[in-house]
2 protein chains.
Amino acid sequence: MARATISDVAAAAGVSQATVSRALRGSANVSPATRAKVEQAAESLNFTLSKSASTLASGRTMRVLLLVSGPLNTWFNASVLQGVYDVLAPEGYDTIPAFVTNREQLDRFFRDLPRDRNADAIIITSFEFDTALHDQLSALGMPVVGLNSPSTAGFDASIGIDNAAAITSGVQLLRSLGHRRIAFVHDYIPHDMVYGTSTRVAAFRTAAAQAGYGDDDIVMIGADHHDTTPAMLDVTAAGIVARLLSCEQHPTGIMGETDEFTAAVYKELRRQHLAAPRDFSIMGFDDAPVSRTLDLTTLHQNPVELGNAAARKVLALLRGEAPEQTHELVPATLVLRETTGRAPNGR
Amino acid sequence: MARATISDVAAAAGVSQATVSRALRGSANVSPATRAKVEQAAESLNFTLSKSASTLASGRTMRVLLLVSGPLNTWFNASVLQGVYDVLAPEGYDTIPAFVTNREQLDRFFRDLPRDRNADAIIITSFEFDTALHDQLSALGMPVVGLNSPSTAGFDASIGIDNAAAITSGVQLLRSLGHRRIAFVHDYIPHDMVYGTSTRVAAFRTAAAQAGYGDDDIVMIGADHHDTTPAMLDVTAAGIVARLLSCEQHPTGIMGETDEFTAAVYKELRRQHLAAPRDFSIMGFDDAPVSRTLDLTTLHQNPVELGNAAARKVLALLRGEAPEQTHELVPATLVLRETTGRAPNGR
DNA sequence: TTGTACGCGTTATCAT
DNA sequence: ATGATAACGCGTACAA
């Protein structure tokens, strides 16, 4: 059985192709009677419109790209995908995930994007762009919405959490608990600056200074490579803890860039027979599931909702409307759990 | 600047459209000289082939659907997606994720799939199908590959882990450690049987029986609802632990259906001042990152590699070849960590 | 409200 | 190896 085409349906319903097209897409100017006839004919012929043919004829692809930084199987990226999918799918849009791992891939991605005509819009998450890239964004010729991008330049709309404010509240928590020396532990920061990892690092620096910590009271320790395999994470964490504990007078307040990373550091700390909050305080960032299972104090964000919001902005832009809020900054709120408490005596 | 079309390139290169098409797709029968001319013309006009137009003309969409059971933001599903993407993207295929949460959505999905002509193949993960669905699969009219599906019926190819063998090895571990009574804790099993959650439950039952456990020595405890939010997970786990500990003589060997679920149960157990492996042994399934952070004994599987393999089978099928192995069953291997040990005395 | 007819940008068939 | 041309299946002015 060859596939039914729109003209088969037209013939079966006794109307023209154009009317079938209008009826099936819920367009106006179709009488209820004809619409019913057409729908029935389509149903009995087991027919739906071909997305590719529609795309070719209309110019709309009904697809939106989701470009994430790094692998798709992290809690954050997967949750954003879920959130985007949730609002796009009911509207008939496909969500096409993509990711790049280095600057070269990113450049090629942006170069091919506009001419491929394979998507109507793009959502870009967690990228740290230099100005050259902002120009590329504008040249894309389609709506571009940013998610947790440090700058709004080049984006038609964006949503993100207020990293700076969140980290400030974290720093202030540690200070109010009496921690005289504090540390920030973070992932590897690649030189080509594709990833957005440095926003929180910078935020910690300034927050600590503002809270009155001197340069000697702050220690920043980053991973020295970018191998994210679980096994390597433990090794990385071990190295970080070694550096942490070998400070002349080691920090007792620790903030981590993400919950996953913090969990590894925390684990190594326990392996050294140190306990939180007895011997130190430690807090993560994200409120990922692992922070719950560890009762880790953290800063809450909801990537599913960020994805929802980004997708809604895309939809508005695609309709030619302005999003309710063009550039939105939502707070990440402190969640107190069991790993933070008063600084140990004498520190 | 209007977009360049294939005929613009043809004109610029001084050849016909047909030749441009052949040259740009790396087809045979194009002289190196013309190919170079064409490529250069395309480059200078900033041209690439339109996927939609190609699809319409050729019938190939260069897209494959990935249907997962449940949300995309679980470790397993996100990892499968990553694995599929990794092998499909270099070949020029888009990976389109989709998921359904109940039987009705699933039926509609399958009904619309063949007539939408929006994908060349489909990968289906972790679904428990009844026979009616197997027929629908065959009627899809495109390659269908299964991933961790309990049966191979209806699939053109499949890959999955050997749940039964893995669970048997887990049960035997507990028995060899001296646990006289054992329990299996698992997620909610919906009545419409869309999810594949029952495979491991059934496997545990038979493995326990074969290992010599009597009916009174086995306790199965499932969640009584399907709310997977992190906060509810803790509540669910609390209920399960309550039931576990209020048994006449409670089991000391516990297996969980997944690491995530097991982690929640384990946490509640610790909250009751019970410690593993001192008071009980507990093991998970999957070797998800959380099992590492908890040093949880578990059964290892690698969903990224499963995704890779499934995608490779799709590619083979699409080329009209037979996959290297049509139906593949890979072992899930026991990973001994810190939460299992000899049964407490007197039990 | 409905129909006519053209165009969307390729691929594929058949010549040459 | 290359060129002409007919599909591919739909959207959309424009006309009726």
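Residue numbers begin at 1 in each chain, while the letters A, B, ... track the order of the sequences.
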Where the side chain of Ser16(A) is defined as all heavy atoms beyond and including C-beta, which of dT4(C), dC8(D), dC10(D) is the nearest nucleotide? dT4(C)
Using a heavy-atom cut-off of 4.0 Å across all strands, would you classify Arg22(B) as base, sugar-phosphate, or nothing? base
Nearest-angstrom distance from the residue atom CD1 of Ile6(A) to C1' of dT12(D): 12 Å
Asn77(B) side chain to Pro71(B) backbone, donor-acceptor under 3.5 Å: yes
If the threshold is 4.0 Å, N to carboxylate O, is there a salt bridge linking Asp112(B) and Arg108(B)? no
What is the distance from CE of Met62(B) to P of dT11(C), rounded to the nearest Å? 11 Å
Decide if atom CD of Glu324(B) counts as having more than 12 heavy atoms of other residues, nucleotides or ligands within a radius under 6.0 Å. no
Mind calculating the distance between CG (Leu45(A)) and P (dC10(D)) to the nearest angstrom? 12 Å
Establish, with yes or no, whether the OP1 or OP2 oxygen of dC10(D) is under 4.0 angstrom from a side-chain nitrogen or oxygen of Ser58(A). no
Please report, rounded to the nearest Å, how far the C1' atom of dC8(C) is from the NZ atom of Lys51(B). 18 Å
Look at all strands and tell whether Val15(B) reaches a base, only sugar-phosphate, or nothing, counting heavy atoms closer than 4.0 Å. sugar-phosphate
With a 4.0 Å limit, can you tell me whether Ser7(B) has a side-chain N or O closer than that to the phosphate oxygens OP1/OP2 of dG9(C)? no
Would you indicate what Thr55(B) reaches in the nucleic acid, counting non-hydrogen atoms under 4.0 angstrom: base, sugar-phosphate, or nothing? nothing
Is Thr19(A) reaching over with its side chain to a backbone N or O of Val15(A), donor-acceptor style, under 3.5 angstrom? no
Could you check how far CZ of Phe47(B) sits from P of dG9(C), rounded to whole Å? 10 Å
Side-chain contact check for Arg25(A): nearest option of dT11(C), dT2(D), dT12(D) is dT12(D)
So which nucleotide from dC10(D), dT12(D), dT11(C) ends up closest to the side chain of Ser50(A)? dC10(D)
So which one's nearest nucleotide on DNA chain D is more toward 5', Ala53(B) or Arg35(B)? Arg35(B)
Quick one: label Arg60(B) by what it contacts on the DNA or RNA (base, sugar-phosphate, nothing), any heavy atom closer than 4.0 Å. sugar-phosphate
Start at the 5' end of DNA chain C and walk down; is the nucleotide closest to Ala18(B) or to Leu56(B) reached first? Leu56(B)
Choose from dT12(D), dC10(D), dT10(C) the nucleotide whose nearest atom is closest to any side-chain atom of Ala57(A). dC10(D)
Give a yes or no answer on whether the side chain of Asp94(B) reaches the backbone of Arg63(B) with a donor-acceptor pair at less than 3.5 Å. no
Please work out if Thr34(A) contacts a base, only the sugar-phosphate, or nothing of the nucleic acid, heavy-atom cut-off 4.0 Å. sugar-phosphate
Starting at atom CD of Gln17(B), determine the distance to atom P of dG7(C), rounded to an integer number of angstrom. 14 Å
In whole Å, what is the span from the CG atom of Leu24(A) to the C1' atom of dG11(D)? 13 Å
Give a yes/no on whether any side-chain N or O of Thr19(A) is located under 4.0 angstrom from OP1 or OP2 of dG3(C). yes
Among dG11(D), dT1(C), dT2(D), find the nucleotide with the atom closest to the side chain of Ser54(A). dG11(D)
Give the rounded distance in Å between these two atoms: CG of Asn29(B) and C1' of dT11(C). 15 Å
Run the side-chain hydrogen bond (donor to acceptor under 3.5 Å, both in side chains) test against Asp86(B) and tell me which residues pass, sequence neighbours left out. Gln82(B)
